[in-house]
Amino acid sequence: MALEALIKKRGPIKKIGVLGMGYVGIPAAALFADSPVFDVVYGFQRDSASSGYKIAMLNRGESPLKGEEPGLEDLLKKVVAAGKFSCTSDFSKIAGLDAVTLSIQTPFLNKEDLLPDFSALKEGIGQVGRYLTPGTLVVLESTVTPGTTNTLAKEILEQESGLRAGTDFALAHAPERVMVGRLLRNIREHDRIVGGIDPLSTKRATELYAPVLTLGKVIPMSATAAEVTKTTENTFRDLQIAAMNELALYCEAMGINVYDVRTGVDSLKGEGITRAMLWPGAGVGGHCLTKDTYHLERGVQMLGKDLLDYPKGEPSLYVLARRINDFMPSHMFRLTADALQRAGCLLKGSKVAILGWAFLANSDDTRNTPAEPYRDDLIRAGASVRVHDPYVMEYPGVPVLHDLDESIRGADAIVIFAGHHQYKNLDPGHIRALSGKPHPVIIDGRNLIDADLFIRHGFVYKGIGRGDKNMHAVSG
Ligand code: SAJ
């Protein structure tokens, strides 16, 4: 029986499974369960030592996600109480479900060789394949190398199930577009890219996502186009940030303020002119921008290597952008060393306080935080380092302080790495007293503080992109 008939026989999507109870899977499952269109949603989670605890928490209606996620806890309580959502490690429950989505991390093992670590994804797809029944829709929500849905995913599902994609089951890619701190809102309000391996799969996947969208709409395309769309939107964001970081480095060298330039360039409006100038800073972290460029690069190697016409011997613009953004923590190290020298203090033996360990402002998310390579460089140079972050409760191998005064007491240098709002109104007089140094150093990696105010209080100031201030006269 062809897929169309199988889907017709099954009827509308009513029973859904979501594999991967993390930042993407949990809000997605809760929203599916909250929709009156669907009857029941299972969250599938391996009962492993590291993440098995999530199962019991979710079944109590509690969110295992740290940090503020507006509305998520209430929604979970509601859908669990209504019996519409439950979490399980029993993957056999996949059998008979109308749709199954996979939101599993897809990091890179080796970025130089463009080698992704698809081990967790393969395991998840294998689980789905083992219990797959005819007429089911399978959707990859994880960000993947272009071509993955039509090759790796399709092959594993067919191998494990003995069924044929596009004939016995539907298969699509509908990439997540969420940011921590606004997971539910992003799923409801962002347009949803939906790419099937064939039009019928796209149509069935549209039926799955349309009910949870409030402001967003479904944008249908092919599975590979959807994979390229997702990897591109993050690659281009990373590129825009890299362009700003390069400009910031130039402005420092030219003795001018990058933020004046940004305001100036951004003022050119109208006639369809868009500038979309993002912000320079201490670095780019997270699970997405730090790897999606490599998925796109690997995609063109896998799908278009022989057809690609590109300037001979020239590096990829996108990979260069990655390298510029990865360079920023080293630049923060350079600014710190130079400033300490201006304060008459050696880096070796100095005390440095890092403010903000999370990769993103006002979040607890520490994935690929740019503060880590910076801290490692300081320790290698013989400095002692304290880390403060109001949101990050703990981090393997790095003691995280939650008392700001304690983290600054006796410090030679205070270094702002994340743009948490708590650091916006730092009091220079109070900080100078805590530091106890004649000329404490303050490094602003997120343009949060008033440079002149700190300079007037005798600080040695340096800021990303602040060529207008970085060689200021030290007062007092
Ligand atoms: N950053 C800058 N300058 C900026 C913006 C960000 O230095 O102007 C830094 C941030 O400090 C952070 C990193 O870049 O360290 C990433 O920040 P982000 O705001 O991009 O946060 P992500 O990585 O959580 O979210 C991105 C978003 N992608 C796009 O906007 C294209 C989000 O929509 C995606 O859902 C998410 O990746 C993802 O999961 O792919």
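Just follow the structure's listing: the first ligand is 1, and inside any ligand the first atom is 1.
- Using a 4.0 Å cut-off between a side-chain N of Lys or Arg and a carboxylate O of Asp or Glu, K217 and D191 qualify as a salt bridge.
- Salt bridge status for E112 with R323: present, with a side-chain N to carboxylate O gap under 4.0 Å.
- Protein heavy atom in closest approach to atom 36 (C) of ligand 1: V178 O, 3.5 Å.
- The shortest separation from a heavy atom of G283 to ligand 1 is under 4.0 Å, placing the residue in contact.
- Considering backbone and side-chain atoms together, N234 places an N or O closer than 3.5 Å to an N or O of ligand 1.
- The closest approach between a heavy atom of V180 and any atom of ligand 1 is not below 4.0 Å.
- Under 4.0 angstrom from ligand 1, the non-hydrogen atoms of K230 all belong to its side chain.
- If you check which protein heavy atom lies closest to atom 30 (O) of ligand 1, you get R237 CD, 3.3 Å.
- Applying salt bridge (charged side-chain N to carboxylate O under 4.0 Å, His left out) to R177 and the options E189, E141, E233 leaves one that passes, E233.
- For the pair I449/Y461, a side-chain contact is recorded, criterion being any heavy-atom separation below 4.5 Å from C-beta on.
- Considering only non-hydrogen atoms, atom 23 (O) of ligand 1 lies nearest to L289 out of N186, L289, D292, D365.
- Of the listed residues (G285, G181, G286), the one carrying the non-hydrogen atom nearest atom 16 (C) of ligand 1 is G285.
- A centroid separation of 6.0 Å or more is found between the aromatic rings of H287 and F359.
- The pair D238-R322 meets the salt-bridge criterion, with a side-chain N (NZ, NE, NH1 or NH2) lying under 4.0 Å from an Asp/Glu carboxylate O.
- Ligand 1 lies nowhere less than 4.0 angstrom from a heavy atom belonging to M244.
- Close approach of ligand 1 to E176 (heavy-atom distance below 4.0 Å) involves ligand atoms 35 (O), 38 (C), 39 (O), 40 (O).
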